[in-house]
Amino acid sequence: MSQAYLLIRFGELSTKGANRNKFVSCLGRNIRHALKEFSVEVTSDRDHIYVSYQDDEFDAVVHRLQEVSGIQRISLVHILPKDIEVLKEKALELLLQEEGKTFKIETKRTDKAYPLKSYEVCAALAGYILSHDAPFTVDVHSPDVALRCEIREKNAYLSCHDYPALGGYPLGMNGKALLLLSGGIDSPVAAYRLLRRGIKLECIHFAAPPYTSEAVIDKLEDILAKLSPYQEGICLNVVPFTKLQEAIYAHVPEPYCITIMRRMMLRIAVLVAKKRHALCLATGEAIGQVASQTLDSIQCINEVTNFPILRPLAAEDKLTIIKESQKIGTYEISIRPYEDCCTIFKPKKPKTKPKAEECAFYEAKWDYLPMVEECAENVVHTLYKNGEKINIEEEQNDE
Ligand code: ATP
Ligand code: MG
């Protein structure tokens, strides 16, 4: 008798030596959490995590697992005794359930004491299949079905179905970042890339009503809902930015407005990040995309802080970013028309090579620091979980 399981393969995790146990238990926790609505059992040993399933939930369970970061591949495996006769029969049975005309057997032996070598196992299984009039011939180069046999310490595994997964690291392994989330195309893609790397996220958005509309918040809510399969609850910190933005436009010449606005955003974001225990900031900036994202601009804007800032899209081209946003389902939301505080006050001729000394000169024209602190102080903090808003106290109990 064999038992079928979904076997979780870790990919990058397998290279992590001493941290391995921590990685596996974090991933195991995330998997259990992701599958809490299904009738599954999640077990693990040193090398793998196994998920049992009910047949009628199989597709949904695989789909949900494909959204969990840290899983490289999911294999449907049949766990069997290592008796070669048992393996032969099961290999034939599995192959007969497949469509196609050609097959190949691949064997991996971690039990080096097993009496048959890998190629002997391949020959035994293939020979048995061919001698039973199965409608298959062998093709070792591009077979329709690749049947894998793993001879392990306790059992043998047979599998012929693999499902690609997200890769990366388990969420929570790599600390928390505060992502600057606008309503555009880039920042949600940056979010997705960070989540895949196991970085938990909170988001911060700078709103300048009445110049920017309330609709942008609806947009952000919809974007966060699209990201929720990767992180169940995401906090959004909305900064009341109007007063400071008006002050910028009152004191700063137009070509420098965007640069100084971004410097202020960073100052505020750093204060909020520290308050929210985030280890770094992150943005959806891509080098060269617009005036404020030339290397000169980035250097000048970044000058206000030594707090780390991740820019996962820095060297990415727009078409790739658009494709990725379509894949994760945020594109259609991002292209809805809206007024961002950057678009509303867009100068006709923004500086592409701003100078830090000039920024400092203009910033000295008024006492901006209390305004920065006030913005950070008055942030409105909301947790979005499964499409619902949850207040801050409940969320803190959750952490
Ligand atoms: P996107 O808005 O999708 O990132 P974009 O090309 O419109 O793309 P910009 O508006 O230049 O980019 O902004 C660059 C980055 O600055 C954004 O990716 C985001 O991280 C941050 N940002 C811009 N505007 C805001 C805002 N109002 N609130 C929070 N972050 C913002
Ligand atoms: Mg934008």
Side-chain angles (χ1 to χ4, degrees), residues 177-194 201-209 211-217 219-224 226-227 234-242 244-245 248 257-273 278 280-295 297-298 300-302 304-305 309-326 328 330-347 350-352 354 375-376 379-380:
L178 181 67
L179 172 81
L180 280 74
L181 185 70
S182 62
I185 295 167
D186 304 323
S187 36
V189 175
Y192 170 71
R193 292 210 179 170
L194 294 168
L201 291 184
E202 275 199 30
C203 296
I204 183 167
H205 177 77
F206 296 84
Y211 308 107
T212 61
S213 88
E214 267 296 304
V216 70
I217 304 295
K219 233 179 139 173
L220 299 179
E221 285 179 13
D222 291 349
I223 286 170
L224 292 180
K226 290 285 179 197
L227 295 173
I234 303 182
C235 295
L236 177 65
N237 299 277
V238 177
V239 179
F241 198 47
T242 314
L244 181 49
Q245 195 156 26
I248 295 170
C257 279
I258 288 280
T259 310
I260 288 182
M261 187 185 80
R262 293 227 178 260
R263 283 162 63 100
M264 296 298 174
M265 282 182 172
L266 278 195
R267 290 182 173 110
I268 296 163
V270 170
L271 292 178
V272 175
C280 62
L281 299 180
T283 74
E285 288 165 305
I287 310 294
Q289 207 181 78
V290 289
S292 61
Q293 294 171 38
T294 62
L295 270 189
S297 280
I298 287 180
C300 178
I301 292 164
N302 217 147
V304 303
T305 182
I309 304 175
L310 304 180
R311 296 179 174 86
L313 306 182
E316 207 51 272
D317 61 83
K318 192 77 189 185
L319 274 181
T320 309
I321 297 171
I322 289 176
K323 271 202 198 129
E324 209 162 308
S325 73
Q326 286 165 334
I328 60 174
T330 54
Y331 180 74
E332 295 300 330
I333 305 167
S334 294
I335 58 171
R336 282 185 219 153
Y338 77 113
E339 305 88 26
D340 185 36
C341 51
C342 306
T343 41
I344 285 263
F345 294 100
K346 204 170 188 158
K351 271 266 178 234
T352 52
C375 282
V379 157
V380 179

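Start at 1 and go down the list; that is how both ligands and their atoms are numbered. Every value quoted in this text rests on a predicted model; they were computed, and no experiment measured them. Heads up: numbering here begins at 1 and tracks the sequence.
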Is there a nitrogen or oxygen of [X] sitting under 3.5 Å from a nitrogen or oxygen of ligand 1?
| X | answer |
| --- | --- |
| P188 | no |
| G284 | yes |
| L180 | yes |

Discussion item. Is it the case that over 12 heavy atoms from other parts of the model lie below 6.0 angstrom from the NZ atom of K219?
Written reply: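 Yes - once you tally the heavy atoms of other residues, nucleotides and ligands closer than 6.0 Å, there are more than 12.
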Worksheet item: So does K318 have more than 12 non-hydrogen atoms from other groups sitting under 6.0 Å from NZ?
Response: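 Correct, the count exceeds 12.
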Enumerated ligand 1 atoms positioned under 4.0 Å from heavy atoms of [X]:
| X | answer |
| --- | --- |
| L181 | 28 (N), 29 (C), 30 (N) |
| I185 | 1 (P), 3 (O) |
| T283 | 20 (O) |
| Q293 | 9 (P), 11 (O), 12 (O), 13 (O), 14 (C) |
| S182 | 1 (P), 2 (O), 3 (O), 4 (O), 22 (N), 23 (C), 24 (N), 25 (C), 30 (N), 31 (C) |
| I204 | 29 (C) |
| R262 | 9 (P), 10 (O), 11 (O), 13 (O), 14 (C), 16 (O), 21 (C), 22 (N), 23 (C) |

Worksheet item: Between S187 and S182, do the side chains contain an N or O donor and an N or O acceptor separated by less than 3.5 Å?
Response: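 Result is yes, a qualifying pair exists.
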Practice prompt. Taking all non-hydrogen atoms of both residues into account, name the closest pair between C375 and I268 and its distance.
Written response: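 It is CB-CD1, 3.6 Å.
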Discussion item. Taking side chain to side chain contact (heavy atoms under 4.5 Å, CB included) as the criterion, tell me which of L224, I217, I223 meets it with E221.
Written reply: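 Checked L224, I217, I223 against E221; only one passes side chain to side chain contact (heavy atoms under 4.5 Å, CB included): I217.
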Discussion item. Salt bridge (Lys or Arg N to Asp or Glu O under 4.0 Å) for R193 and E316? Distances and angles first, verdict last.
Written reply: CA-CA 12 Å; R193 292 210 179 170; E316 207 51 272; 3.1 Å; yes
Fill in: side chain to side chain contact (heavy atoms under 4.5 Å, CB included) evaluation trace for R263 with C300
CA-CA 8 Å; R263 283 162 63 100; C300 178; 4.1 Å; yes
